[in-house]
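Worksheet: the structure to be examined is printed underneath.
Side-chain atoms are counted along with the backbone in the values below, which use heavy atoms only and exclude waters and symmetry mates. Chain letters run A, B, ... following the sequence lines, proteins first and then strands; every chain starts at 1.
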Amino acid sequence: MHLEKVYEPQQFEPRWAERWVEAGIFRAALGAPGPVFSLAIPPPNVTGSLHIGHMLEHTEIDVTIRWRRMRGDNTLWLPGTDHAGIATQMLVERKLVEEGLDRRSVGREAFEQRVWAWKERYGDTIKRQMIRLGASCDWSRERFTLDPGLSRAVREAFVRLHEKGLIYRGEYMVNWCPRCHTALSDLEVIHDETPGNLWHIRYPVNDSPRSLVVATTRPETMLGDTAVAVNPRDERYRDLHGKTVRLPLMDRDIPIILDEVADPEFATGVVKVTPAHDPNDFEAGRRHNLPKVKVIDESGRMTPEAGRYAGLDRFEARKRVLADLDRLGLIEKVDPYQLSLGKCQRCKTPVEPLVSIQWFVRTKPLAEPAIRAVEDGRIRFIPENWTKTYYEWMYNIRDWCISRQLWWGHRIPAWYCADCGETTVARETPAACSKCRSGRLEQDPDVLDTWFSSGLWPFSTLGWPDQTEDLRTFYPTSLLITGFDILFFWVARMIMMGLECAGDVPFREVYIHGLVRDAERQKMSKTRGNVVDPLEITEKYGTDAVRMSLLLGAAPGTDVVLTEERILSARAFANKIWNAARFLFLNMERSGVEPWAPEEPALHMPEPAGPGAETALEDRWIFSRLNRAVDLASRAIDRYRYHEAAQLVWQFFWHEFCDWYVEIKKLRFRENSGLDAHWRNTLTVFDTGLRMLHPIMPFLSEELWQRLAGGLPGRPASIALARYPEYGEEVSDPEAERQMEILREIVTAARNLRADMKLDPRQQLEALLYARGAARDVARTQSEAIQKLANIRLDLRDETAPATSEGALRSTPEFDLLLRVPQAQTEVRRQRLEKEIEQLEKVIAGSQRQLANPEFLNRAPAPVVASLRQKLADYEAQLAKSREALAALN
RNA sequence: GGGCGCGUGGCUCAGUUGGUUAGAGCGCCUGCUUCACACGCAGGAGGUCACAGGUUCAAGUCCUGUCGCGCCCACCA
């Protein structure tokens, strides 16, 4: 059993990724036909467009799935963003690449056919996953039409909502992207603070010497003005009520209306009304029955209605309008003005509010139950403060424009009759008009907003609208893990759709993680283009290292900064474990130990070495520590505190197992041979530790676990199928922990002194140890370990340490350690002692002050007072010794 | 305009109900190629927890205000 000297994940990660996926291991493990599917994120050597922003999410999902499964949760399903979709994509593309194909060279049609064929071939279990779960990933959105199951669910939902009057078609002001040529929902419009101008334009009033000055940020829309509005309470314009103004440039007479849209406080208090190009004006126009004059078209060009400006681009038209107004002397003034300009989320083109006929979801009736579900705790947000954001949005929700004029997506299941104009909404393509029975029907060319179908995801993937076994078993799903940037787009809509269509909440808990940021703290996102290629970095450092570094930073409610340095240190951790294993394997060979592993499932207390023999201190200690770590890590993962779990595991493996346990065991292995108690204990700890590590670093733990005792009869085929270790009260050993603590203090004291004196670490020194109480036992029983770890020769004494100038002294309440050092070191020792004394004096003064306060003694709980007293006594004893030692030097 | 969050050693951050001399990783300094690991070992320096008040026996932790930074939502021309 030979391990390379350096951890090289590339050599085993692809193999495990392959096996886990192909064995459908999570599915198989559940023993139920559920759609749980997880992919260690991301599998190396796979082409695909997974980006780093998803990795945190995928990692957290994967950790949770692995952990819960190892804990025996059998009805788990996490509808994680598009992790399954991406898994699909990567697997499929990988397969195709193996066949020497890629999208570009093959052409879309042929590629799609092959994808489909491959999905068919892939096997029943995964196939359904692929087909269903692939739906929410960008790439597979293009092939909704290939997916009869999902299309059926979407139509079903649309028709149901329509029947209940929750979907309507109407003329409304929508955000229109002139470049993408599609309507956008409010959420798809991003607002930018942009410097602009506020132009004051004079409109002459008919039959009056006066004129009205309107203020606008968009002068070109004046061509479509059909009124000007003043506030009815505005005294300044009372005499003009009922009159008309002459619209400059267009020479059209338009009325002066009284409406609240005009704020007397703002600018001149007069607002121009353009019902066709401004949402507010649209509403005002409705109230006053104003005509809508559309002067800008779907491409952002001026329409024939714009008269001589027809055909001009909207921004060009603005310049011309301003120039013309200026020539006529109608521009009163121009003020610089910050305006929040709406832009298309995808292409950043300024959106144009346009009146058009679109499909809408009536959201108020859907939002109410969705709010209640969170209020009464059927859905819980983690961290909790997101609930407030959720409420804010839900209480102020506006109707949702769901029709899109894109070429991919689900077609809207509505048909228009060419004869009578009737609209027929149906699950199946209708043969004839529902009203006049005409056969001349045409389907609405628009498709649905992608979030409409995504909103159905938690149940459409389970076979809805059929009442399938999967749906019964796994709905509502357990947990949704996602980013807050998608809270409104997706989470809120899943909740609304789930309650409406599936009759229950789509999930019980929503864990919201932070965003992954780069070294400059920029959000990583596809549209921003600053994404790290996860395949590249995982190829370079290993999947586990990337996972570990993400998890260490994944405190709930905070963003994760991912830098190369962090990944580097995580890789170092992986290497550390790798080499600990390497050390064990080498020694097993040397001692003739055959592969051996403890029985499943739990953390076992080791057997004693033999009749009359005692269990070694380091064994009792490490089991107790591991027991504790397992307990805390488990609870941390359970509460989505991944960073705590990662840190605990790190601390245990590196600073307890490697730094102390293995170091002490080196002594034992040197003399022994065969599978004795030492080996059984060591292997048990390592095996258990790997299982604790597995959800966080699946590849490394799998590889080592397999090498450790993979082929043994009765062992699960994968560590992922083994049990997560569980806390056992009986394994907890506070006494061993206390003793080990003392041992470490003694060793550290010796190392400290040696380093202070700048002595060669290789030189063995003489030391006198004056141990008291518990330390006396430790000193007697563990002297061998202490001598080895500190590289000293111990001379045990019972009496209290004399103040001597013979060596350097380190004191604690339990022991005094006197290291014999050359006389020349007095100056260093003096400095050291002086510093120590200074520190002690400070702490003692503080403690004394507090203990002298009667309020403290009366009000503080007794244990707090007692422990402070104890501490003060210890400090004082130490101080006395340090002073004596200092005196002896002089 | 409303809502949320952040400000802790050079850097990136932990610190869950207030109670040991405030922690970690990276970086830095010193010494070590000790036969698992230099992606390592041992030791060390470095913080009045943004500022000002308040509550409390006790505050990085709770309250108020100030300053600085960020995010989200919102139809005010």
In Watson-Crick or G-U wobble terms, with both distances under 3.5 Å, the base opposite B:C4 is B:G70
Would you say a side-chain N or O of [X] is under 4.0 Å from OP1 or OP2 of [N]?
X        : N     : value
A:His277 : B:C75 : no
A:Lys5   : B:C37 : yes
A:Tyr875 : B:U20 : no
A:Arg398 : B:C75 : yes
A:Asn587 : B:A36 : no
A:Lys758 : B:G31 : no
A:Trp660 : B:A42 : no
A:Lys842 : B:U48 : no
A:Lys665 : B:A36 : no
A:Arg641 : B:G15 : yes

Write down the distance separating the C1' atoms in B:C13 and B:G47, rounded off to the nearest Å.
-> 14 Å
If we take the C1' atom in both B:G15 and B:G25, what is their distance in whole Å?
-> 15 Å
What distance do A:Asn791 atom CG and A:Leu759 atom CG have between them, rounded to the nearest 0.5 Å?
->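 So the gap between those two atoms works out to 11.0 Å.
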When rounded to the nearest 0.5 angstrom, what is the spacing between OH in A:Tyr511 and CZ in A:Arg641?
-> 9.0 Å
Do [X] and [N] have a side chain to base donor-acceptor pair shorter than 3.5 Å?
X        : N     : value
A:Asn858 : B:C57 : no
A:Arg859 : B:U56 : no
A:Lys388 : B:C4  : no
A:Glu4   : B:A36 : no

Over all strands shown, is [X] touching base, sugar-phosphate only, or nothing at heavy-atom distances under 4.0 angstrom?
X        : answer
A:Val214 : nothing
A:Asp760 : nothing
A:Val6   : base

Does a donor on one side chain sit under 3.5 Å from an acceptor on the other, for A:Glu392 and A:Thr389?
-> no
is_close_aromatic(A:Tyr172, A:Phe282), centroid dist under 6.0 Å = yes
Among B:G43, B:A14, B:G25, the one nearest A:Asn752 by side-chain distance | B:G43
Only residue of A:Val593, A:Leu586, A:Asn587 satisfying side chain to side chain contact (heavy atoms under 4.5 Å, CB included) with A:Phe669 is A:Asn587
Protein-nucleotide distance (A:Arg751, atom CZ; B:G31, atom C1'), rounded to Å |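 In whole Å, B:G31 C1' and A:Arg751 CZ are 14 Å from each other.
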Hey, does the Lys NZ or Arg CZ of A:Lys388 hover above the aromatic six-ring of A:Phe381, less than 6.0 Å from the centre and inside 45° of the axis?
->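 No; the conditions do not both hold, so A:Lys388 does not lie above the ring face of A:Phe381.
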